[in-house]
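First the proteins, then the strands, lettered A, B, ... as listed; each starts at 1. Worth knowing before you read on, the calculation uses all heavy atoms, side chains too, and leaves out hydrogens, waters and symmetry mates. Here the structure is a predicted model, which means the values were calculated and not measured.
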Amino acid sequence: MSTEVITDSTVDAPGHAEENYLQSGKGVLSWLFTLDHKRIGLMYLVSVLSFFLVGGLLAMVIRIELLTPEGNLAPEVYNRIFTLHGAAMIFVFLVPAIPASLGNFILPLMLGAKDVAFPRLNLLSFHIYLFGALFLVYAILTGGIDTGWTFYTPYSSSFASGSVIAALFGVFILGFSSILTGLNFIVTIHKMRAPGQTWYQMPLFLWAIYATSLIQVLATPVIAITVFLLMIERSLGIGIFDPAMGGDPVLFQHFFWFYSHPVVYLMVLPGFGVISELVAVHSRKNIFGYKAIAFSSVAISGIGFLIWGHHMFVSGQSEFAGILFSFLTFAVAIPTAIKVFSWVATMYKGSIAYTTPMCYVFTFLFLFAIGGLTGLFLATIAVDVHLHDTYFVVAHFHYVMVGGTLTAFLGGLHHWWPKMTGKMYNNKLGNLGAFLVFLGFNVTFMAQFVLGTRGMPRRYHTYLPEFQFWHVISTIGSFILAIAFFLILGYLMHSIFRGKKAPHNPWGGVSLEWETATPPITHNFHGQPIVTRGPYEFPEIEDVEPAKAHA
Amino acid sequence: MNSLSVQTILHQAVQGQGPAEGRFWMPPAASTFASNIDNLFYFIYWLAVIFFVLIIGTMAYFAIKYRRKDPNQRTSPIHGNHALELAWSAIPGVLLIAVFVWGFRAYMDMSVAPKDAMDIRVKAQMWNWSFDYPSAGVNTTELVVPAGRPVKLTMSSKDVLHSFFVPDFRVKKDVLPNRYTTIWFEAIAPGEHQIFCTEYCGQNHSKMLSKVIVKSQEDFDKWIEGQGKLDESIPLSEHGKRIFTERGCTACHTMTGQAGAGPSLKGKYGSQENLADGSQVLVDDNYIRESIMDPTAKVVAGFQPVMPTFKGQLRDDEVDALIEYIKEHGGQ
Amino acid sequence: MSTTAEHAEHPKFLAHHFYTPGQQADSAKLGMWLFLGQELLFFSGLFLAYATYRFFYPDTFLEAHHHLSVPMGGFNTVVLITSSLTMALAVRAAQTSNQKKLIWNLVATIAFACVFLVVKYFEYSAKFHHGFLPGKFYTGHGIEGLPHLFFGIYFVMTGLHGLHVIAGIGVLIWILMRSKRGDFSAEYFTPVENVGLYWHLVDLIWIFLFPLLYLVK
Amino acid sequence: MSQAAADTMDNTHAAEHGGHHGEHHVLPYTVYFAVYGSLLVLTGITVLVSFAGLGKWSIPVAMAVAVVKASLVVGYFMHLKYDDRLNSLILVVTLLFILIFFAMTFSDMRTRGMIDPVEDNMVLRNEQAAEKAAAAEASGESSEKGEEAHHEGAAEH
C-alpha cells in the first residue's frame, strides 16, 4: 500500500460506527448550508446536470428545426434558442462541470485533507453559482436573448431585444463563483497536501485542476469587466463599444476572447486530468511521462492566454496580429499532442479492463483526437478565412467540448460513482451508453464538418437546399446522442435507489481517495494519511528494477 | 418549401456540389488563389488523417492486445522514455511549422490586393447587400464582376457587424460599421456564386444572401452601360416587380393584402391612407416617391418607422418602375 | 477531533481542518493575494480601454482632461496615501497586540476614506454641472472630437474605484467592531492583515489612475 | 499506529506548515514613515513633471514614477518583501498576464492598415453626420423649417 493511515482503530472496517457524509445531516437546510466539500460537490453535480438537460433539450430543438431548409420556427425564436443553448451549455454546465462537482468532491480526498482550505468560501461559491444561474433562468423564462453566447457589439448593445442585461448580470455573477472556486483549490493544493506528498506524488487530476484554477483566477475577471462594460454600454450608452459614438467593436472582441479562449482550456483541462487518472488506474500501469503530462497542463493554461486572436482572423483585426496569433496557436498544439500520445503509451503492456470508465477513455481519445486535429485547419489563417463561422467551427468545438470535456466528465463520474454514492451501476449498460454516445456523436458532427467546408454558415435559421442531406444525417445522430444520455441518466438513477452496494475499492486505485470508507465519513480520514510513494504504484506492476525490465 | 422526400435528398447528396468540379470537402475553386488554399487544406487533411490513424490504431491495438485476461496480470514498470517523448514533440513541431509557413504565404497573397484591381464599394445593412460601382455610378443588389480581372471590395456596414463570404472564392471578411475593411479576388471564369453573411446580425441573418455574377469582359462592359437605364423592351411594371423583390421590399411589404412589418400595398394606389399622426393622405405617385426616399416622413397608422431610406440607391426611372408596379396592383 | 497530542489546547480561532495556526495564516494570505491578483486583472480591462482610446483619439483625450481639477486629484492622492499609512500602522498595532493603537489607526483610515469620497463627490458634481458626462448624456461645449468617450472612461474608472473604496470602508468598519471585541492579538491578526492588503490595493490602483487621468499631457 | 509515527507526523507538520509560526515580521516605525514620506515626495514629482510638458515622454515618466510608488507600497506596506515568495510570484504572474493582454491587443491596434492602408475609425459616424447635414440642408430649403435646421446645425457642431 502506498500510504499508511494513522487511525485510532487499527482496522478501518467499512461498517464503521461513524456514519458517512450522506447520513450526517437530515433536511434541506443541512444540505444547503453544509460546509462539507463532498456535499457541495454533490449539489454542484445535480445543478450542473440539470442545466445540461436544459441545454440538451435546446440542442434537440435546433436539430429538429434544421431538418428542412425552411424550418418551421420564426427566425427570432430560432436565434434565441441557439443563443440560450450556447450560454447555458458554457456558463452553467461546462465551466463548473468537472472542477466544481468532481473536483470539489475528490480534491481534498486526494490530498488527504479534511476539507478545502476555505470551506465557507466554498459554500459561498455554490450560493453565488445558484444566484447567477437564477439570472440566466430569468432571462430564459422572459423570452431569452438573441445575441449569440458571444454578445458581439454593436448588435448586443444597441439592437438586440430581450432581457440581455439579466443574462449579462448572470454571467457576471457566475464569474465570481468560478474565481472563488479556483482560488480555493490553488490554496488547498499549495497548503494542505498530505505530509510526504510532494508535487510529483500528487495524482495528475490535481495538476489539471491546479492549471484550471490558474485560468479561473486569471481569466475570469476580464469577462467580468467586459460584461460590466457591456451592461453600462447597453443601459447608459457611454459609447465605448458603440461605433456610432466612436467606439470600436473589435476592441470588445479582444476583451471577450481574452477570457473566452482560456475558458475553453478551463473546460477541457479538468477532462485531461480525469483521463490521466482513468487511463492509469484501468490499465493498472504507471502513467507514461508523469512530468510531461503535468507540465503540459500548466503549459496549456499559460499559452492559452496568448492565442485568443484566432477567433478574430477575419474580424478586421490587422494582418500582422492575425499571423502572430496563428503562429502561437500552433504552439498550444504541441503540449496537447504530448498528452494524447502519453495516454496511449500508458496502455502499452498494461492490463486493460473494459470497465465503463475505460470505454469513456477510448471514446475520449477517438473524439478528442479528431477535435484536436481539426483545430489545425482553423489555426492556419489562410484556411480559416474559408472555414471561419461555418459549421466546420461548430463541429470542431463540439468535438473538443462534448467529445473531450463531456466524455471525460462521464468517465470520471462513472469512475468515482461507487465512492460518491456507495452504489454500483451496471457495467454492461454503462458500456452500451458509452458506445451510443460515441456512435451518436460521430454521426451528428462528422456531417457538420462536411457542411462547414462546403460553406454552410453557422447560426443560420434557413439554408440552401443543397445542404439538407447532411443536416438530416446530423439530426438523426443527435437523436442517438439524446437516447444515450437518457440511458445513462436512467441506470445511474437506478443504481442510487436499487443498485448493489459498491465494493470498497472497485477499480483498485491507490491514490488517497480510495483510502476512505465508501461513501466517505464527514471528516474523510480518521487520522492523517502519510504519502510515501507515487499515485500510480499498482501492485500488478512487476516490481523489478527498470534495468532488468524485459521488453 | 421542398419537402423531405428521399429522392430529392439523395439526389443532392450524390450530385454533391454546384456546377463546376468541387472536390468532396471543398466547393468549386472559382478564384485564382482558391486552388492554393484547397491544396493547403488537403495537405493538413491528410496529415490529420495519418496522425489520427496512428494514434487510434495504436490505441485499439493496445486495448485488444493488453486486455485484462486474468485479474492479477502483471504490467510493465515503464513510466517514461525521454527519447520517445522528445521525438513526438519535435516531429509534430516541425510539421506544424511547415504548415504555418505555407499558410502564411497563402494568407499574404490573399491580403495584398494587386494595384490595378477594380474598386467596388460594398454596403451591408440589416439584411441586404448593396454594391456601388463608383466609376460607373451604378448601384445594384448583386455583385457583377468581370472574369479574369482582380476586383477589390471596400466594405462598410450601416448598423451592426456583418461578414462578406463567398465560399467558391474562399474569401471572407467582417464588414464593420466604424471602419472600411477590404478583400480582393479574381474570378477565373464566368458563372454565378453564392454570397453569405457569416457574422450574426439579427433576425434575418440567414436571409441576407446575394449573388456574384461573373461575366466575360465584353458582357460586363455591355452590362455596365445597360445599367444606366432600364431596358425599354420590358414593360415598366415588370421592372418594378423585379426591383421590388431585389431591393428586399418583400421582406416587409406584401402584395397579398396581408400586412407584414410594413403595410400591404395591394389595392392601395388611389385610396386614402390614415397616418400615424391621425391625418390622411392620398396614395399617389408623390406619396410613394417620398415614402421611398424619406420613409419616416408620413408613416401609416399602426406601423413602426423602421423602413430604411433608399435615397442614393434607386435611380428615378427605377422609382417610376416601382410606382407603375404598385399602380398595377392598385384599386382602380 | 483527531487525537494527536498537539491539539490538546485547541485555540479558538483555529479552524478544524487546519493543523497549525501558521498553516491557516499562510493559507489566508495566499488566498488574499490571489484575490488581489484577480482585482488587478479586473481593473486591467479598464486601463486597456483607456490606452486604446487614447491611442485612437489622442487629441480629444489631451483636450478633455484639462477639465479635470489637478488640485482635487492631488489632494485625493495624498489622502489615500495617508490612509495607506494608517492602515499599515493598524496592522502593526495588531501584530504587537496594541489594541488602543489598532482602534485609533482603523478610525483614522476610515476617516481618510470618507474624506476621499467627499472630495470625489465635489469633483463629480462639478462634472455634472458642466455637462461633461459619458456617452449620449454629454452636453458640454468647447471640446472637439469625442469628449464623451473620455468622460465615459473617466466615470467608469473612478466610479468603479470609488465603489471599491466604499466596499473597503464597509470591511474596515467590520474589522473595527471585531477589534473593539478584542478578537485580534499577536496570536491572530489575519483579518486585519488581509483587509490591510485590500486597502493598499485600492490605494495602488489610485496611484496609477491619478497620473493617467489627471496629469498626463 | 505507534506513538512514534504520530510524533513524526507532528514534526513534519510543524516543519512544513507552521514553521514560521512565531516570528511574523514587525517593522520599526521609522520604515513606515520613511515610505510614507517618499510616497508624498514622489507624488509631488509626478505633479511637477506633468507641468514640464515632456510631450511624447510624459506617459513613460509618469508610469515609471507610479511603478516606483507601487513597489514601495507593495514591498513595505503590504509586507511582500518579508513574505513567503509564493505571494510575490502570484503578483508577478498577474502583472505578466496583464502585460500579455496589453501587448497582444496593441499588436492589433498599432498595425491596423499596415497592408491595406484603408484607415479611418469613424466611417459610420461621419456618414450619419453627412446624412444629418444633408437632411438638415434639405429641410432647410423649405422656409418654415428654418428654425429646426438651425437647432440641428448647432447640436451637430
Original post:
Does a salt bridge link D:Asp83 with C:Lys29, judged by any charged N lying under 4.0 Å from a carboxylate O?
Top reply: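 Yes, this pair counts.
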
With a 4.5 Å cut-off on side-chain heavy atoms, are [Y] and [X] touching?
X: C:His65; Y: C:Tyr154; answer: no
X: C:His200; Y: C:Ser84; answer: yes
X: D:Phe51; Y: C:Leu215; answer: no
X: C:Tyr50; Y: C:Leu213; answer: yes

Who wins among [options] for the most heavy-atom pairs under 4.5 Å with chain C?
options: D:Phe106, D:Phe97, D:Phe101, D:Phe77; value: D:Phe77
options: D:Ile98, D:Leu39, D:Thr43; value: D:Ile98
options: D:Gly44, D:Ser88, D:Ser58; value: D:Ser58
options: D:Val61, D:Val73, D:Val65; value: D:Val73

Please state whether the side chain, the backbone, both or neither of [X] comes within less than 4.5 Å of a heavy atom of chain D.
X: C:Tyr214; answer: neither
X: C:Leu204; answer: side chain
X: C:Leu36; answer: side chain
X: C:Thr82; answer: both

Original post:
Going through the distances and angles, do C:Phe150 and C:Phe132 end up as a ring-ring contact (aromatic ring centres under 6.0 Å, His included)?
Top reply: CA-CA 9 Å; C:Phe150 174 80; C:Phe132 296 142; 9.8 Å; no

Does any heavy atom of chain C fall under 4.5 Å from the side chain of [X], the backbone, both, or neither of them?
X: D:Val47; result: both
X: D:Thr46; result: both
X: D:Ile59; result: both
X: D:Leu91; result: side chain
X: D:Pro60; result: neither
X: D:Leu42; result: neither
X: D:Val49; result: neither

Subject >> Side chains of C:Ser83 and C:Trp199, donor plus acceptor under 3.5 Å >> reply: yes

Determine the option with the most heavy-atom pairs under 4.5 angstrom with chain D, choosing from [options].
options: C:Thr52, C:Val91, C:Val70; answer: C:Thr52
options: C:Arg54, C:Gln24, C:Met87; answer: C:Arg54
options: C:Leu41, C:Leu212, C:Leu30; answer: C:Leu30

Subject >> Minimum-distance pair of heavy atoms, taken over all atoms of C:Ile153 and C:Ala49 >> reply: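 Heavy-atom minimum between the residues: CD1-O, 3.8 Å.
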
Original post:
Mind checking whether C:His161 and C:Phe116 have ring centres under 6.0 Å apart?
Top reply: yes

Original post:
Hey, do the aromatic rings of D:Tyr32 and D:Tyr76 have their centres closer than 6.0 Å?
Top reply: no

**OP:** Before giving the answer on side-chain contact (heavy atoms from CB on, under 4.5 Å), spell out for C:Leu80 and C:Asn76 the whole-Å C-alpha distance, their side-chain angles and the decisive distance to 0.1 Å.
**Re:** CA-CA 6 Å; C:Leu80 263 192; C:Asn76 257 348; over 6 Å; no

